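If you're wondering where the values come from, they're calculated on a predicted model, not measured in any experiment.
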There are 2 protein chains.
Amino acid sequence: MSNTTLKKIAKVLDISISTVSRALKNHPDISVSTKQKVMELAQTLEYEPNAMAVNLRSKNTKVFGVMIPSITNNFYDSFIAAVEEEARKSGYSLMILQSGDNPEAEIENLKIYRQNRVSGLFACISQETINMAPFYKMKEAEIPIVFFDKVPDDDTFDKICLADKDAAVLAAETLLEKGKKNILAIFGNNQLSITKRRLAAFCGCIKEDKQVKLIIEHANNSQQAEEKTEHHFQPKQKPDAVFCMSDEILTGVMKSMQKMNMKLPVDTGIIALSDGSFPKLYYPEITYIETSGYKLGKLAFERMMDYIMGNTEPKELFITSRYVAGGSL
Amino acid sequence: MSNTTLKKIAKVLDISISTVSRALKNHPDISVSTKQKVMELAQTLEYEPNAMAVNLRSKNTKVFGVMIPSITNNFYDSFIAAVEEEARKSGYSLMILQSGDNPEAEIENLKIYRQNRVSGLFACISQETINMAPFYKMKEAEIPIVFFDKVPDDDTFDKICLADKDAAVLAAETLLEKGKKNILAIFGNNQLSITKRRLAAFCGCIKEDKQVKLIIEHANNSQQAEEKTEHHFQPKQKPDAVFCMSDEILTGVMKSMQKMNMKLPVDTGIIALSDGSFPKLYYPEITYIETSGYKLGKLAFERMMDYIMGNTEPKELFITSRYVAGGSL
DNA sequence: ATTATTTTCGCAATCGTTTGCGAATATGAA
DNA sequence: TTCATATTCGCAAACGATTGCGAAAATAAT
């Protein structure tokens with residue numbers, strides 16, 4: 001039986017519950033002989049502490065919440081994978097909830113996290129989140145939050161972000177180094193701060209070279225990226241490189257490349273910001289600037305543990321990006 | 001304060017805890033006037049029941065466990081997305097743990113699920129899982145299990161599977177209908193029962209037409225699929241169609257197609273078993289037999305709730321597959 | 001006015017575990 | 001033997017919420 005309790009063991013051995021509890025914890029107050037008896041019986045009865053009771057007493061669930069827009073997203077998946085790996089090592093489990101990029105669902109989720117008294121929360125806010133009040137409520141409930149990827153402006157919060165600027169600049173510099181003169185750059189939804197940052201940094205860098213012609217486009221999804229690409233590839237003048245701000249855009253661009261039967265890197269070049277899984281799907285593999293969800297997860301977890309250890313001063317941390325050469329440029 | 005308790009409310013109003021509890025639950029024993037006072041105060045004090053305490057008392061956590069090999073997998077993601085959607089509607093949350101296809105981690109996870117007294121478990125067993133004893137332990141602990149996708153043979157368990165046979169047969173029939181005569185079929189790890197089932201059904205169907213030449217290959221990952229494909233595409237004799245048992249294999253095959261500069265569907269044809277996201281990445285889009293993780297999740301959840309409602313007779317259920325025409329065949 | 005009935009609420013136990021404090025027993029010292 | 005110290009353990013409260021049962025108060029019936 002897995003529903004063995006301290007009480008049951010105590011009754012069988014005719015000792016008190018507290019003695020059983022202490023024996024199992026190897027408390028010095030208990031004699032070795034009693035300890036042995038208790039441990040043996042616990043073993044055969046397959047005693048397993050009831051987490052609900054332990055949590056209630058300790059006011060600590062050893063569960064971290066993770067809130068993301070959607071779980072069917074490679075980037076967040078690797079983030080979660082990283083957090084899960086580390087959490088497991090420290091005896092924590094994860095409660096994952098999706099917001100669906102919907103602020104109301106977000107509030108609902110926060111309530112669930114509060115009621116379940118998670119030990120901490122990793123949160124990625126939705127695109128439409130304006131009111132941060134629900135998140136302040138978490139702080140009142142003394143639940144630490146580490147924001148990641150899409151973070152609020154508010155700097156009373158802990159934030160772990162990609163070094164968007166660096167990544168965009170790195171991509172731009174690479175394009176210039178390769179001598180590209182006619183660049184099509186496709187960005188995501190320009191409402192998003194992440195888009196704004198990447199756009200500003202990228203353009204700022206490219207614009208320094210007056211020789212280079214730069215076309216900027218925005219696409220809200222893969223299909224739009226595909227359409228925009230086709231639109232800019234005319235027989236008369238083709239861009240000699242395409243910059244893709246995200247995986248979503250990359251897949252759209254690549255689809256149109258296949259459609260137009262463009263050979264990389266000869267007919268045109270491609271560089272993307274990506275965590276690396278999609279670039280490896282293609283031949284030649286796509287050259288990209290790595291923005292790793294996995295690394296982000298590791299860093300976020302580290303920050304969370306640091307916070308729990310008492311280092312509660314809010315911080316904004318970045319993970320650095322890295323150039324990964326494929327054959328597309 | 002979110003850490004308001006019944007006790008606190010009771011003290012302020014100078015009534016007993018039980019009265020507060022009943023008032024909040026709209027119990028008929030409590031007068032309307034008291035109810036109002038309690039509810040108001042609860043509102044202003046932002047009372048939220050402590051799930052740990054409620055769980056301990058009710059012996060029900062309203063949390064479902066979900067164990068999968070890896071979260072960075074499209075198929076499982078959609079499964080989880082589906083389960084999460086439904087779970088939310090019924091007031092359940094999810095605790096997701098990865099096994100990493102490692103039986104030891106699996107056992108560790110089961111322990112976590114037991115200690116946390118999850119209300120039920122959705123499990124996909126790892127490739128190497130032989131000993132089902134750890135899962136029996138869950139049953140002893142009265143935690144219902146619904147296996148999905150990769151399920152054990154043991155039919156004392158509830159199982160929700162893809163209709164592998166049907167899907168494989170559907171793919172085979174499609175190939176024959178299209179008049180393909182020289183087929184390369186790439187399957188996954190042939191230790192897996194899922195591979196065996198798909199292989200048997202596919203071959204059984206193809207073999208009925210003596211005219212057709214069938215080459216069977218196995219690949220344990222995307223890269224192997226790529227290599228095997230290249231190996232079988234010689235200048236002298238190219239297969240006129242490739243069957244891909246999974247997304248993983250499809251991506252490998254497609255990479256080699258790009259490398260060899262093969263045009264679909266003219267140079268060769270491709271059909272895959274997939275949940276549909278990867279086929280849409282390519283141009284032309286890949287023709288596939290849908291094996292939806294999302295649908296699987298919906299069905300698994302339905303079964304779980306059914307079980308909890310008392311219908312504990314073990315069942316094996318299948319979700320039907322469907323032909324989705326792309327432009328690759 | 002007295003009894004019967006209903007309304008309204010509190011006591012106390014319970015879920016399973018942890019822990020401060022005190023008590024009983026054992027061991028040692030004088 | 002007697003007192004002092006260690007060793008070993010149990011009592012009871014606590015975490016927060018729920019609920020059967022009984023009691024007090026209010027109302028109705030006679």
Side-chain angles (χ1 to χ4, degrees), chain A residues 1-39 41-42 45-63 91 114-119 141-143, chain B residues 1-39 41-42 45-63 91 114-119 141-143:
Chain A
M1 292 304 167
S2 161
N3 35 18
T4 302
T5 68
L6 293 184
K7 190 195 278 189
K8 198 176 286 182
I9 297 182
K11 196 175 288 176
V12 174
L13 258 35
D14 196 33
I15 56 181
S16 80
I17 296 178
S18 27
T19 303
V20 177
S21 174
R22 290 190 174 98
L24 289 173
K25 294 201 131 40
N26 205 20
H27 191 286
D29 267 13
I30 308 300
S31 70
V32 269
S33 68
T34 332
K35 274 180 192 169
Q36 267 194 340
K37 279 190 293 181
V38 171
M39 299 220 183
L41 189 59
L45 257 46
E46 294 185 317
Y47 169 76
E48 283 179 347
N50 183 323
M52 301 189 246
V54 175
N55 293 345
L56 177 58
R57 182 103 218 309
S58 65
K59 296 190 167 205
N60 186 345
T61 51
K62 285 262 178 184
V63 171
R114 254 180 285 123
Q115 294 193 352
N116 281 86
R117 302 294 195 271
V118 294
S119 305
E142 288 177 336
I143 296 175
Chain B
M1 291 304 164
S2 163
N3 35 20
T4 303
T5 67
L6 293 186
K7 190 194 279 189
K8 198 176 286 180
I9 296 182
K11 197 175 286 175
V12 175
L13 259 34
D14 195 33
I15 54 180
S16 80
I17 297 177
S18 24
T19 302
V20 177
S21 173
R22 290 190 175 99
L24 289 172
K25 294 202 133 40
N26 205 21
H27 191 285
D29 268 12
I30 308 300
S31 70
V32 268
S33 67
T34 341
K35 274 180 192 169
Q36 267 194 340
K37 279 190 292 183
V38 172
M39 297 219 186
L41 188 60
L45 258 46
E46 294 184 317
Y47 170 76
E48 282 178 348
N50 183 323
M52 300 188 248
V54 176
N55 293 344
L56 177 58
R57 183 106 216 308
S58 66
K59 296 191 166 201
N60 187 347
T61 51
K62 284 262 177 184
V63 171
R114 253 180 284 125
Q115 293 192 354
N116 281 85
R117 302 294 196 272
V118 294
S119 305
E142 287 177 336
I143 296 175

Note: for B:Arg57 and B:Lys35 on DNA chain C, the residue whose nearest nucleotide lies more 5' is B:Lys35

Which is more 5' along DNA chain C, the nucleotide nearest A:Ser18 or the one nearest B:Ile30? Just name the residue. B:Ile30

Reported OG1-to-CG distance for the pair B:Thr19 and B:Asp14, which is rounded to 0.5 angstrom: 11.0 Å

Would you mind classifying the nucleic acid contact of [X] as base, sugar-phosphate or nothing, using non-hydrogen atoms under 4.0 angstrom?
{"X": "B:Ile17", "result": "base"}
{"X": "B:Asp29", "result": "base"}
{"X": "A:Thr34", "result": "sugar-phosphate"}

Smallest separation among heavy atoms of [X] and [Y], with atom names:
{"X": "A:Leu24", "Y": "A:Leu6", "answer": "CD1-CD2, 3.7 Å"}
{"X": "B:Lys35", "Y": "B:Asn26", "answer": "NZ-OD1, 3.1 Å"}
{"X": "A:Thr4", "Y": "A:Leu45", "answer": "OG1-O, 2.7 Å"}
{"X": "A:Gln115", "Y": "B:Ala51", "answer": "O-CB, 2.8 Å"}

Give the first and the last nucleotide of DNA chain D, reading 5' to 3', that has any atom under 4.0 Å from a heavy atom of chain B. D:dC15 to D:dC21

Just to confirm, is there a sub-4.0 Å distance from OP1 or OP2 of [N] to any side-chain nitrogen or oxygen of [X]?
{"X": "B:Ser31", "N": "C:dC9", "answer": "yes"}
{"X": "A:Lys25", "N": "C:dT19", "answer": "no"}
{"X": "B:Lys59", "N": "C:dG16", "answer": "yes"}

Value in whole Å for how far the [atom2] atom of [N] lies from [atom1] of [X]:
{"X": "A:Leu6", "N": "C:dC15", "atom1": "CG", "atom2": "P", "answer": "13 Å"}
{"X": "A:Asn60", "N": "C:dT19", "atom1": "CG", "atom2": "P", "answer": "12 Å"}
{"X": "B:Leu56", "N": "C:dA13", "atom1": "CG", "atom2": "C1'", "answer": "13 Å"}
{"X": "B:Leu13", "N": "C:dC9", "atom1": "CG", "atom2": "P", "answer": "11 Å"}
{"X": "B:Arg117", "N": "C:dT17", "atom1": "CZ", "atom2": "C1'", "answer": "12 Å"}
{"X": "B:Leu24", "N": "C:dC9", "atom1": "CG", "atom2": "P", "answer": "13 Å"}

Could you check whether any side-chain N or O of B:Ser58 sits under 3.5 Å from a backbone N or O of B:Val54, counting only pairs where one atom can act as donor and the other as acceptor? yes

Criterion side chain to side chain contact (heavy atoms under 4.5 Å, CB included) on A:Val20 and A:Tyr47, from CA distance to verdict: CA-CA 11 Å; A:Val20 177; A:Tyr47 169 76; over 6 Å; no

